[in-house]
Amino acid sequence: MHPCYLFYVTFVQKPIKVNENEKKPFFNTSNTISSISEEEMEQKFSYMESIKAFARTTYTSIYVIDYMKQGFAYVSDNPLFLCGNTPEQVLKMGYAFYFKYVPKTDLELLLKINSAGFDFYDKIPLESRLEYTISYDFHIINEEGKKILVNQKLTPLFLNKEGKIWKAICIISISSERNSGNIKIYKNGENKVHHYRLDREIWEAEKKVSLSKRELEILQLCTRGYTINDIAETIFISPDTVKFHRRKLFDKLEVSNITEAIAYATNNKLI
């Protein structure tokens, strides 16, 4: 990537200009789409209302990438991803949003993730490509100038006839991790996850974290705001036993408190 980005950004109320060449690293050549057939176009007519309905029911931020137009097709009004802008402003910015609100080191990380992700995706059988999700963490800079570590999950929505991603849905939430990266790909219903090791630039597969029935039970009650004593009374065990299972849970998830445990379990589809 060229060390000098040929773009400039101004205040939110003014237009943001980005050199077209700056967008290209985000749109891997292996997934270049030049046209969509009439049959493929029919896929899109009903999906947007479903996306909007989903956005109204979740605390997460949602946006849709259009790889043919090389921009955003939809941005929800959840404030986390907006960084003080309106959805319409972020929609208009498209990938210029990243250049303005992602620190340079994490921007370079996103480019690596983009390349590694499409390399992995090219090896997936065509009939399975809609079943995979990539998850990773990066910082954004909010309207107060503070860095926030977020988790993004990207899942294909539509493919063209060659099996390349036409549109993808991205879900943004607060990360449970402490650093950027944590790049994972997993297939829906499969009990393994592929980790991308940045230091060696390879993918490694391993089994997902497995929680016991009791650990899941305690974690689910914690998400409802139950205290240790509440949980003990509800499932008829002692408070000390609850504490024992919580400690085991924290060790498995490599977290230090219940808030991080809930975030990790949610982001990794354990509950």
Side-chain angles (χ1 to χ4, degrees), residues 43-67 71-95 97-98 101-102 106 110 113 117 130-144 146-158 165-177 180 182-190 193 208-209 211 216-217 219-226 253 255 257-271:
Q43 297 178 93
K44 79 171 188 178
F45 292 138
S46 63
Y47 88 98
M48 190 60 77
E49 291 307 312
S50 299
I51 296 289
K52 291 177 181 177
F54 174 50
R56 292 194 295 270
T57 66
T58 180
Y59 67 93
T60 58
S61 294
I62 298 171
Y63 67 100
V64 175
I65 298 175
D66 186 324
Y67 285 95
F72 300 157
Y74 169 77
V75 177
S76 72
D77 61 3
N78 185 291
L80 175 63
F81 184 62
L82 300 179
C83 298
N85 300 284
T86 66
E88 293 74 22
Q89 287 169 327
V90 175
L91 191 64
K92 186 176 182 179
M93 287 185 214
Y95 272 72
F97 172 88
Y98 292 103
Y101 293 105
V102 176
D106 279 15
L110 291 181
I113 293 171
L130 292 177
E131 300 176 35
Y132 283 81
T133 295
I134 184 168
S135 170
Y136 47 88
D137 301 301
F138 64 97
H139 290 93
I140 56 175
I141 302 171
N142 67 11
E143 62 270 35
E144 298 173 353
K146 296 180 180 178
K147 289 200 302 184
I148 300 174
L149 187 64
V150 297
N151 172 262
Q152 172 159 296
K153 291 181 175 62
L154 186 152
T155 303
L157 278 174
F158 302 122
I165 302 174
W166 172 22
K167 294 190 178 183
I169 184 171
C170 299
I171 299 177
I172 300 280
S173 59
I174 295 293
S175 174
S176 61
E177 302 288 346
S180 303
N182 313 302
I183 309 157
K184 295 174 282 188
I185 287 180
Y186 50 87
K187 182 181 180 184
N188 186 42
E190 193 172 68
V193 60
K208 288 183 180 177
V209 173
L211 302 182
L216 279 171
E217 189 175 30
L219 188 56
Q220 289 164 350
L221 290 171
C222 287
T223 64
R224 296 165 61 185
Y226 280 42
L253 303 184
V255 299
N257 57 61
I258 194 61
T259 301
E260 291 179 354
I262 292 171
Y264 181 97
T266 302
N267 286 339
N268 290 276
K269 300 178 72 173
L270 298 179
I271 56 174

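- For the 3.5 Å distance criterion, the side chains of Ser176 and Asn151 fail to qualify, holding no donor opposite an acceptor.
- Without hydrogens or angle criteria, Ser61 side chain to Phe81 main chain gives a donor-acceptor distance under 3.5 Å.
- With values rounded to the nearest 0.5 angstrom, Thr60 atom OG1 is found 6.5 Å from Asn78 atom CG.
- Applying the salt bridge (charged side-chain N to carboxylate O under 4.0 Å, His left out) test to Glu260 and every residue at least two apart in sequence or in another chain returns Arg178.
- For the pair Tyr63/Gln152, a side-chain contact is recorded, criterion being any heavy-atom separation below 4.5 Å from C-beta on.
- Under the 4.5 Å side-chain criterion, counting only non-hydrogen atoms from C-beta, Tyr59 is in contact with Ser173.
- Taking 4.5 Å as the limit, some side-chain heavy atom of Ile174 sits within range of a side-chain heavy atom of Leu80.
- With sequence neighbours excluded, the residues forming a salt bridge (charged side-chain N to carboxylate O under 4.0 Å, His left out) with Glu144 are Lys146, listed by chain and number.
- Residues meeting the salt bridge (charged side-chain N to carboxylate O under 4.0 Å, His left out) test with Lys208, sequence neighbours left out: none.
- One distance of note links CG of Leu219 with CD1 of Ile258; it measures 5.5 Å at 0.5 Å rounding.
- Of the N and O atoms on the side chains of Asn142 and Tyr101, not one donor lies less than 3.5 Å from an acceptor on the other residue.
- For the residue pair Ile134 and Gly117, the shortest heavy atom distance occurs at CD1-CA, 4.2 Å.
- With contacts defined as side-chain heavy-atom distances shorter than 4.5 Å, the pair Val193/Ile185 does not qualify.
- The shortest distance between side-chain heavy atoms of Lys92 and Phe72 does not fall below 4.5 Å.
- With sequence neighbours left out, Tyr226 forms a side-chain hydrogen bond (donor to acceptor under 3.5 Å, both in side chains) with Arg224.
- Screening Leu149, Leu110, Val102, Ile113 against Ser180 for a side-chain contact (heavy atoms from CB on, under 4.5 Å) leaves a single residue, Leu149.
- Not a single side-chain hydrogen bond (donor to acceptor under 3.5 Å, both in side chains) links Thr223 to another residue, sequence neighbours left out.
- Taking 4.5 Å as the limit, every side-chain heavy atom of Thr86 sits out of range of all side-chain heavy atoms of Leu82.
- One distance of note links OG1 of Thr57 with NZ of Lys52; it measures 15.0 Å at 0.5 Å rounding.
- Here NZ of Lys187 is found 11.5 Å from CG of Leu130. Values are rounded to the nearest 0.5 Å.
- Val150 places none of its side-chain heavy atoms less than 4.5 Å from the side chain of Asp137.
- At least one donor-acceptor pair closer than 3.5 Å links the side chain of Asp106 to the backbone N or O of His139.
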Quiz item: Given the rule in the side chain to side chain contact (heavy atoms under 4.5 Å, CB included) test, do Cys83 and Phe97 qualify, once you have shown the distances and angles that lead to the verdict?
Solution: CA-CA 9 Å; Cys83 298; Phe97 172 88; 3.9 Å; yes
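- By the salt bridge (charged side-chain N to carboxylate O under 4.0 Å, His left out) test, Glu143 pairs with no residue at all, sequence neighbours left out.
- Side-chain atoms of Tyr186 and Ser135, non-hydrogen and from C-beta on, do get closer than 4.5 Å to each other.
- Each of Leu154, Thr155, Ile169 was compared with Thr133 under the side-chain contact (heavy atoms from CB on, under 4.5 Å) criterion, and only Thr155 meets it.
- Here the options are Tyr67, Tyr74, Tyr47, the test is side-chain hydrogen bond (donor to acceptor under 3.5 Å, both in side chains), and the partner is Lys167; only Tyr47 passes.
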